2 protein chains.
Amino acid sequence: MSDLLQRLRGRGWRVTSQRRVVAEVLDGDHVHLTADEVHARAAQRLPEISRATVYNTLGELVALGEVIEVSTDGRAKRYDPNAHRPHQHLVCSGCGAIRDVHPTGDPLADLPSKERFGFTVSQAEVTYRGLCPSCA
Amino acid sequence: MSDLLQRLRGRGWRVTSQRRVVAEVLDGDHVHLTADEVHARAAQRLPEISRATVYNTLGELVALGEVIEVSTDGRAKRYDPNAHRPHQHLVCSGCGAIRDVHPTGDPLADLPSKERFGFTVSQAEVTYRGLCPSCA
DNA sequence: TCTTGACCTGGACTCTGTCCATCGTAGGAT
DNA sequence: ATCCTACGATGGACAGAGTCCAGGTCAAGA
């Protein structure tokens, strides 16, 4: 994601210190942080950054397709910086840990047209659930 | 779901008017209501029913496996009374409409053990997204 | 009918996210 | 290098979804 800021600048994004810090936080560990976690980590480097800015910036990154929004539990949305490699998610029902996984096959192909009810289906998200080694 | 109350009584559930009304609301149209929608419909029959009771009852029905919790948009959770027939969901990105669908194949089989990271994987939820005929 | 513990109520509270008026500043123009 | 200005940041109020709790109520067995 090191060239992310370049790409965004090319799209007319004004690069501010706040946006840079948010991008750096996402670029750090490849984990799935909530907006408030992103805010907390960003605030370590830029103490005055506001929650609203973090929410705005994350929303823009999602709209630009640089980050994926994941909501696996109906609680806070999580933000996945791994947007350029298609993948699905494996979630621990015990502790909530999330891993990126790469199933074989294409779930879209498994939905017959009779089951599409006239919808233009464009995407299939799969959430695998189970227990991680520590919780089992 | 007509025998739902019988099954629940058999499991030691105390059948109250509130629980009966919530079960009847879910049994009505086979749509995917939010908790507040369930509360609104329940309140038409039993005006004093409280939100807390609706939340509690829905949570109990989910824990007992009689109802499935669906969160397709990171907003309010929705409750799906069609718990006894395995299915997935097709969501309209425009208006949020939800349909039950029955894909072929088993997504669990598409997750190789190398991609399981030691998890005991028990379930795969698929959310298909696209545009419904009216929104397209 | 009585008793009792499970259940219900309403309101306060938390968490997540959005909105808005105002202030600040990135970056092009000079 | 400096100035301008529109875009972005701020923070506090607000809203929606859900949880918690103390106290009152009632289903169902004795």
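Model, not experiment: these values are computed from the prediction. FYI, side chains are in, hydrogens and waters are out, and symmetry mates aren't considered; it's all heavy atoms of this structure. Proteins come first, then strands; the chains are lettered A, B, ... in the order of their sequence lines, and each starts at number 1.
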> Sort out for me which residue in B:L46, B:V25, B:L5 forms a side-chain contact (heavy atoms from CB on, under 4.5 Å) with B:R20.
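Running side-chain contact (heavy atoms from CB on, under 4.5 Å) over B:L46, B:V25, B:L5 with B:R20 returns exactly one hit, B:L5.
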> Of all residues at least two apart in sequence or in a different chain, which pass the side-chain contact (heavy atoms from CB on, under 4.5 Å) check with A:D73?
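For A:D73 the side-chain contact (heavy atoms from CB on, under 4.5 Å) partners, ignoring immediate neighbours, are A:R75.
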> Whole angstroms only, please: what is the CG-P distance between B:L46 and C:dC7?
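Interatomic distance, CG of B:L46 to P of C:dC7: 17 Å.
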> Let me know, please, whether B:D36 or A:Q18 comes out on the 5' side of the other along DNA chain D by nearest nucleotide.
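So the residue in question is A:Q18.
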> With a 4.0 Å cut-off on N to O distance, would you call B:R11 and B:E66 a salt bridge?
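Yes, B:R11 and B:E66 are salt-bridged.
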> Apply side-chain contact (heavy atoms from CB on, under 4.5 Å) to residues A:I68 and A:N82 and explain how you reach the verdict.
CA-CA 7 Å; A:I68 292 172; A:N82 184 16; over 6 Å; no
> Using nucleotides 18-23 of chain C, report all nitrogen or oxygen pairs with the protein that are shorter than 3.5 Å.
residue, atom, partner, partner atom, Å
C:dT18, O4, A:R51, NH2, 3.4

> Would you mind reading off the distance between B:L61 atom CG and C:dC7 atom P, rounded to a whole angstrom?
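Going from B:L61 (CG) to C:dC7 (P), I get 12 Å.
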> For B:L8 and C:dC7, give me the distance from atom CG to atom P, rounded to whole Å.
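Between P of C:dC7 and CG of B:L8: 12 Å.
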> Using whole Å, report how far CZ of B:R20 lies from P of D:dC26.
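Roughly 14 Å, once rounded to whole Å.
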> How close or far is atom C1' of D:dG8 from atom CG of A:L58, stated in whole angstroms?
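Those two atoms, CG and C1', are 15 Å apart.
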> Identify the heavy atoms of B:T104 and A:P112 that sit nearest to each other, and give their distance.
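For B:T104 versus A:P112, the nearest heavy atoms are CG2-CG, 4.1 Å.
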> Write down the distance between CZ (B:R78) and P (D:dG18), rounded to a whole number of angstrom.
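After rounding, the gap between these two atoms is 10 Å.
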> Using the side-chain heavy atoms of B:A76, tell me which of these nucleotides is nearest: D:dA9, C:dC8, D:dG18.
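Nearest to the side chain of B:A76 among the choices is D:dG18.
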> In whole angstrom, what separates A:H39's NE2 from D:dA9's P?
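Taking atom P of D:dA9 as the reference, NE2 of A:H39 is at 12 Å.
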> Report the residue (B:G74 or B:G12) whose heavy-atom-nearest nucleotide on DNA chain C is the more 5′ of the two.
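Between the two, 5'-proximity favours B:G12.
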> In the 5'-to-3' direction, what one-character label does each nucleotide of nucleotides 24-30 of chain C receive under the scheme B = base within less than 4.0 Å of a protein heavy atom, S = sugar-phosphate only, - = no such atom?
-BBS---
> Would you tell me if any nitrogen or oxygen in the side chain of B:T53 comes within less than 4.0 Å of OP1 or OP2 on C:dT9?
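Yes, within the criterion.
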> Please give, in whole Å, the distance from D:dA9 P to A:R45 CZ?
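One finds 17 Å between P of D:dA9 and CZ of A:R45, rounded.
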> If you measure from CG on B:L111 to CZ on B:F117, what distance do you get to the nearest 0.5 Å?
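Between B:L111 CG and B:F117 CZ, I get 8.5 Å after rounding to 0.5 Å.
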> Can you tell me how far CZ of B:R129 sits from CG of A:L108, rounded to the nearest 0.5 angstrom?
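Spacing of CG (A:L108) from CZ (B:R129) equals 12.5 Å.
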> Working to the nearest 0.5 Å, report the span between CD of B:Q44 and CD1 of B:I49.
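Interatomic distance, B:Q44 CD to B:I49 CD1, rounded to 0.5 Å: 12.0 Å.
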> Should the pair B:H89 and B:H32 be assigned to parallel (<30°), tilted (30 to 60°) or perpendicular (>60°) ring geometry?
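Ring orientation, 0 to 90° scale: perpendicular.
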